[in-house]
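Accompanying notes for the structure given below.
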Amino acid sequence: MGIIEELEWRGLISDCTDREGLAQRLAKGAVTLYCGFDPTADSLHVGSLVPLLALRRFQQFGHKPIVIAGGATGSIGDPSGKSAERQLLTHEQLKANIEGVKKQLASFLDFDSEANAALLVDNADWTAPLSFLDVLRDVGKHFKVNAMVAKESVRARMENRDVGISFTEFSYMILQALDFDHLYKQNECELQIGGSDQWGNITAGIDLIHRRQNRQAYGLTMPLITNSDGTKFGKTEAGAVWLDVARTSIYQFYQYWVRVDDRDVVRYLNFFTFLHPDEIEALARQHAEQPHARVAHKALAREVTVLVHGEEAASEVIRASEILFGGSLDGITEATFREIAGEVPTHEVALDRFGGEGLWLPELLHEAGLAQSRGQSRKDIKGGGVYVNSSRVDDDQHKLKTGDLLFGKYLLLRRGKRNYAVVLAG
RNA sequence: GGUAGGAUACCGAAGCGGUCAAACGGGGCGGACUGUAAAUCCGCUGGCUUAGCCUUCACAGGUUCGAAUCCUGUUCCUACCA
């Protein structure tokens, strides 16, 4: 199976500028390809994983991937798929974002390979030195505004008079085309991949290469991921699911994948893991036969978590999850509890508040962030949705005393099915 | 600039002097059922140690025993006209 067949099998191909031509070219030998990531935040989120992992898939097949951290394009803002003009990032923000994103991008590819080491570059390096006049003369001449205006995202913005589109964002595709042109010249980079919203930007680059260098380049896009239930992929109520642990804890990250809708789990195994098609088929079968066993979900969550956060961290959160969802805390060791404490929001409370009368549970629940008010806490308790150290408490007058603390300092609070907080008395 | 209409809780939307912390729907949360799912059913959804009290219906004032409801002014929206 070649890379194209593999991507095809996984449902990762949305569109290709010249499918047969590309397949033939790939069959002939190693190809250099690239994908750009604009630093719109200081971390990537799970949505960026698809193209990023695709680069890695290509690398596994012996091709040479280039990742662009978009210092130049990121300073402009891609209008693709955006219904309104974006706020420009400040230079400091952009710099911080690039720092954060670069580290993440680097962790998914092999930069030490002898034959096909990956490359990480910043498009500001070749774009920033250009003068406005040079760009207008050497690049702008190759773009017909007529064609640029026809691009879907541009047209939508132009038709909406209230929103409009600035010249800055309108020019975005020129910058991205320039990247492709540059990489073709410098690195023999013949293929650009990206999400399907990048189609217009990619073909613009191919055209530019054809005009300036009279050479053939290829474009391949991947589908945008959609959840079957109509919600946005990669979003939770708390916001996007990020790759940075400071934004999304490893536990939350793992949980996001465990909770994927049944209808999506097999697709996501294809999209986000490197499991062999045979393994995925086996998981799909198990899932169909015994959906309640959730084998596929756990495999998905484990694979992706290992990929992003490493083997060790993944094992830890899996253990923590087993305990949190397994019920009883009987026989738990302090070490295991510390692991859980690391993955669940922790709230510190002065030890002496557990003395005397004790600490009123609704107050603690509210303080620990599990309820919006003490009144709400009381309602939740009466509704039977509150647990202390894994046993239900249904008395809204319940007081917690020193004796309730595990190992003399911990308390595990839970509201509902999956909202936990650890209280640390000290 | 003129005329008409509107602003209600997370969102949509009733209410048009007292029985309004405010119908109804959506969303959210909790429970039952489960598989950390879907569907279904039940409860909660301003605050408060809650038969009660306190603060809310764009904002500021006023009328009244009593105002989300009536009056005045301000701000912001929407439609039609210029």
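Below, chains carry the letters A, B, ... as their sequence lines are ordered, and counting in each starts from 1. The structure displayed is predicted, hence computed values, not measured ones.
- Distance noted for atom P between rA67(B) and rA60(B): 15 Å (whole Å).
- Distance CG (Asn227(A)) to P (rA37(B)): 15 Å, rounded to an integer number of Å.
- rA9(B): no Watson-Crick or G-U partner with both key distances under 3.5 Å is found in any strand.
- For rC59(B) and rU45(B), the C1' atoms lie 27 Å apart once the distance is rounded to whole Å.
- The C1' atoms of rU69(B) and rU78(B) are separated by 22 Å, rounded to the nearest whole Å.
- Summarising the base pairing, rA51(B) is matched to no nucleotide, lacking a Watson-Crick or G-U wobble pair whose two defining distances lie under 3.5 Å.
- Across the strands present, rC41(B) finds its partner in rG31(B); the criterion is a Watson-Crick or G-U wobble pair with both atom distances under 3.5 angstrom.
- Dashed line: the shortest gap from a side-chain N or O of Asn419(A) to OP1 or OP2 of rG30(B) is under 4.0 Å.
- Regarding Asp262(A), its CG atom lies at a distance of 11 Å from the C1' atom of rU36(B), rounded to whole Å.
- Between the side chain of Lys417(A) and the base of rU34(B) there is at least one donor-acceptor pair of N/O atoms closer than 3.5 Å.
- Atoms CD (Glu322(A)) and C1' (rG35(B)) sit 15 Å apart, rounded to a whole Å.
- A heavy atom closer than 4.0 Å to some atom of RNA chain B occurs in Ser373(A), Arg374(A), Gly375(A), Arg378(A), Lys379(A), these being the qualifying members of residues 364-381 of chain A.
- For Gly384(A) and Trp360(A), each mapped to the nucleotide of RNA chain B holding its nearest heavy atom, the one lying further toward the 5' end belongs to Gly384(A).
- rC44(B) and rC80(B) are spaced 45 Å apart, taking the C1' atom of each and rounding to whole Å.
- For the residue pair Glu190(A) and Thr32(A), no side-chain donor N or O sits within less than 3.5 Å of a side-chain acceptor on the partner.
- Between Phe143(A) and Tyr172(A), the distance separating the two ring centers is not shorter than 6.0 angstrom.
- A sub-4.0 Å separation between OP1 or OP2 of rC29(B) and a side-chain N or O of Arg415(A) is absent.
- Pair assignment for rU63(B): none, as no Watson-Crick or G-U wobble contacts are both less than 3.5 Å.
- Here the separation of rA21(B) from rU56(B), taken at their P atoms, is 13 Å to the nearest Å.
- Within the nucleic acid shown, Asp396(A) has no heavy atom closer than 4.0 Å to any nucleic acid atom.
- Taking atom CD of Gln255(A) as the reference point, atom P of rG35(B) lies 17 Å away to the nearest angstrom.
- Nucleotide rA79(B) is matched to rU3(B) when pairs are restricted to Watson-Crick or G-U wobble geometry with both distances under 3.5 angstrom.
- For the residue pair Asp110(A)/Ser113(A), the side-chain donor-acceptor check at 3.5 Å is not satisfied.
- Here Arg418(A) lies in heavy-atom contact (under 4.0 Å) with sugar-phosphate atoms only.
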Donor-acceptor pairs under 3.5 Å, side chain of residues 404-412 of chain A to any protein atom, not counting sequence neighbours: which ones?
{"residue": "Asp404(A)", "atom": "OD2", "partner": "Lys401(A)", "partner atom": "N", "Å": "2.8"}

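- The P atoms of rC77(B) and rA82(B) are separated by 22 Å, rounded to the nearest whole Å.
- Counting only residues at least two apart or in different chains, salt bridge (charged side-chain N to carboxylate O under 4.0 Å, His left out) contacts with residues 277-297 of chain A are absent.
- In this structure, Arg259(A) places its CZ atom 13 Å from C1' of rG35(B), rounding to the nearest Å.
- Distance Asp395(A) CG to rU49(B) P: 15 Å, rounded to the nearest Å.
- For residues 363-388 of chain A, every residue pair satisfying the salt bridge (charged side-chain N to carboxylate O under 4.0 Å, His left out) rule, not counting sequence neighbours, is listed here: Arg353(A)-Glu363(A), Arg353(A)-Glu367(A), Arg378(A)-Asp396(A), Asp380(A)-Arg415(A), Lys382(A)-Asp396(A).
- Residues from residues 286-295 of chain A placing a heavy atom under 4.0 Å of any atom in RNA chain B, listed by number, are Pro291(A), His292(A), Arg294(A).
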Can you give each donor-acceptor pair under 3.5 Å made by side-chain atoms of residues 62-80 of chain A, sequence neighbours left out, with the distance rounded to 0.1 Å?
{"residue": "His63(A)", "atom": "ND1", "partner": "Val31(A)", "partner atom": "N", "Å": "2.9"}
{"residue": "Thr73(A)", "atom": "OG1", "partner": "Asp38(A)", "partner atom": "OD1", "Å": "2.7"}
{"residue": "Thr73(A)", "atom": "OG1", "partner": "Asn123(A)", "partner atom": "ND2", "Å": "2.9"}
{"residue": "Ser75(A)", "atom": "OG", "partner": "Ala72(A)", "partner atom": "O", "Å": "2.6"}
{"residue": "Asp78(A)", "atom": "OD1", "partner": "Ser80(A)", "partner atom": "N", "Å": "2.9"}
{"residue": "Asp78(A)", "atom": "OD1", "partner": "Ser80(A)", "partner atom": "OG", "Å": "2.8"}
{"residue": "Asp78(A)", "atom": "OD2", "partner": "Ser80(A)", "partner atom": "OG", "Å": "3.4"}
{"residue": "Asp78(A)", "atom": "OD2", "partner": "Gln198(A)", "partner atom": "NE2", "Å": "2.9"}
{"residue": "Asp78(A)", "atom": "OD2", "partner": "Asn201(A)", "partner atom": "ND2", "Å": "3.4"}
{"residue": "Ser80(A)", "atom": "OG", "partner": "Lys151(A)", "partner atom": "NZ", "Å": "3.1"}
{"residue": "Ser80(A)", "atom": "OG", "partner": "Asn201(A)", "partner atom": "ND2", "Å": "3.4"}

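- You'll find that the side chain of Gln397(A) is closest to rU49(B), out of rA37(B), rC29(B), rU49(B).
- Here Lys95(A) pairs with nothing under the side-chain contact (heavy atoms from CB on, under 4.5 Å) rule; sequence neighbours left out.
- The gap from the P atom of rG62(B) to that of rA51(B) amounts to 35 Å, rounded to the nearest Å.
- Rounded to the nearest Å, the gap between the C1' atom of rC41(B) and that of rG52(B) is 32 Å.
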Side-chain donor-acceptor distances from residues 306-318 of chain A under 3.5 Å, at least two apart:
{"residue": "Glu311(A)", "atom": "OE2", "partner": "Arg302(A)", "partner atom": "NH2", "Å": "2.7"}
{"residue": "Ser315(A)", "atom": "OG", "partner": "Glu311(A)", "partner atom": "O", "Å": "2.9"}

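- What separates CG of Asp394(A) from C1' of rC44(B) is a distance of 17 Å, to the nearest Å.
- RNA chain B is contacted by both Tyr387(A) and Lys399(A); Tyr387(A) maps to the nucleotide lying nearer its 5′ end (nearest heavy atom per residue).
- Rounding to the nearest 0.5 Å gives a distance of 10.0 Å between CG of Leu49(A) and CD of Gln104(A).
- Evaluation of the ring pair (Phe, Tyr, Trp, His ring centres under 6.0 Å) rule for His45(A) yields Trp242(A) as partners, not counting sequence neighbours.
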